[in-house]
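Keep in mind that this is a model prediction, so the values were computed, not measured.
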Amino acid sequence: TGYYGDGLNAIIVFAACFLPDSSRTDYNYVMENLFLYVISTLELMVAEDYMIVYLNGATPRRRMPGLGWMKRCYQMIDRRLRKNLKSFIIVHPSWFIRTILAVTRPFISSKFSSKIQYVNTLAELREMIPMEYVHIPDSIVK
């Protein structure tokens, strides 16, 4: 987590490589509680505009969240949080992520869709946001 702008707006960094492996027997339980934790944290941190940086690099397919989980997340996010989200940046997007977003685009609002941005390199990300407040895990930098 970091901040940008004069109003100290939040930058939420989400590294998919640290998500649990889908082969875990308690995978659904862990993902459900992870989502509830993320949402409660967002509700506490976000008073104004914010952005999410989703780091997809160094993430094996078995650690990527499934389509059903992402849909539930979107549906459960409070309207205020959806409205205050200014940008959802996906760094190192895989063909899988691009395909899922292309398939789900008709089911999500055009306002939300317009907030999604793909970034192919960390250098490109540096041009968009102040990186001094953002921690990028070493495995993704490599």
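Scored by the side-chain contact (heavy atoms from CB on, under 4.5 Å) test, R79 finds K83 as partners (sequence neighbours excluded). Residues satisfying the side-chain contact (heavy atoms from CB on, under 4.5 Å) test with E43, not counting sequence neighbours, are I39, D78, R80, L81. The side-chain contact (heavy atoms from CB on, under 4.5 Å) check on V103 picks up T99, with sequence neighbours excluded. Applying the ring-ring contact (aromatic ring centres under 6.0 Å, His included) criterion to F96, with sequence neighbours excluded, gives no partner residue.
Relative orientation of the F112 and F88 rings is tilted, given thresholds of 30° and 60° on the angle between their planes.
Taking every heavy atom of both residues into account, R63 and C17 meet most closely at CD-O, 3.5 Å. Shown here for S94 and N56, the closest heavy-atom pair between the two residues is N-ND2, 3.4 Å. Across all their heavy atoms, A58 and S139 have their closest contact at CB-O, 3.6 Å. Minimum heavy-atom separation, P65 to Y27: CA-OH, 4.1 Å. The nearest pair of heavy atoms linking V119 to P93 is O-CD, 3.3 Å.
The closest side-chain heavy-atom distance from L85 to Y50 is below 4.5 Å. Side-chain contact between V53 and V134 is absent, with no heavy atoms from C-beta onward closer than 4.5 Å. Side-chain contact between M31 and P20 is present, with heavy atoms from C-beta onward closer than 4.5 Å.
To the nearest 0.5 Å, atom CD1 of residue I90 and atom CG of residue L101 are 4.5 Å apart. To the nearest 0.5 Å, the span separating CZ on R105 from CD1 on I116 amounts to 5.5 Å. Atom-to-atom distance recorded for K86:NZ and D49:CG is 4.0 Å, nearest 0.5 angstrom. Taking OG from S22 and CE from M64, the interatomic distance works out to 11.0 Å, rounded to the nearest 0.5 Å.
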For this session: Start with the C-alpha distance between L19 and L34, add both sets of side-chain angles, then the distance that settles side chain to side chain contact (heavy atoms under 4.5 Å, CB included), and finish with yes or no.
Result: CA-CA 9 Å; L19 288 172; L34 174 65; 3.3 Å; yes
Exercise. Between I140 and H92, is a side chain to side chain contact (heavy atoms under 4.5 Å, CB included) present by the stated rule, with each step listed?
Worked result: CA-CA 9 Å; I140 293 169; H92 303 126; 4.0 Å; yes
Problem set entry | Derivation of the side chain to side chain contact (heavy atoms under 4.5 Å, CB included) call for V13 and H135 | CA-CA 8 Å; V13 178; H135 172 70; over 6 Å; no
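Looking at K115, its side chain does come within 3.5 Å of a backbone N or O of R82 through a donor-acceptor pair.
Pairs passing the salt bridge (Lys or Arg N to Asp or Glu O under 4.0 Å) check and including a residue from residues 15-38, sequence neighbours excluded, read D21-R62, R24-D26, E32-R72. Among pairs with a residue in residues 116-130, those fulfilling side chain to side chain donor-acceptor pair (under 3.5 Å) read S87-Q117, R98-N120, at least two apart in sequence or across chains.
If you run side-chain contact (heavy atoms from CB on, under 4.5 Å) between I89 and each of L55, I52, I129, only I129 comes through.
Hydrophobic clustering (side-chain heavy atoms under 4.5 Å, transitive across Ile, Leu, Val, Met, Phe, Trp, Tyr) keeps L42 apart from L44.
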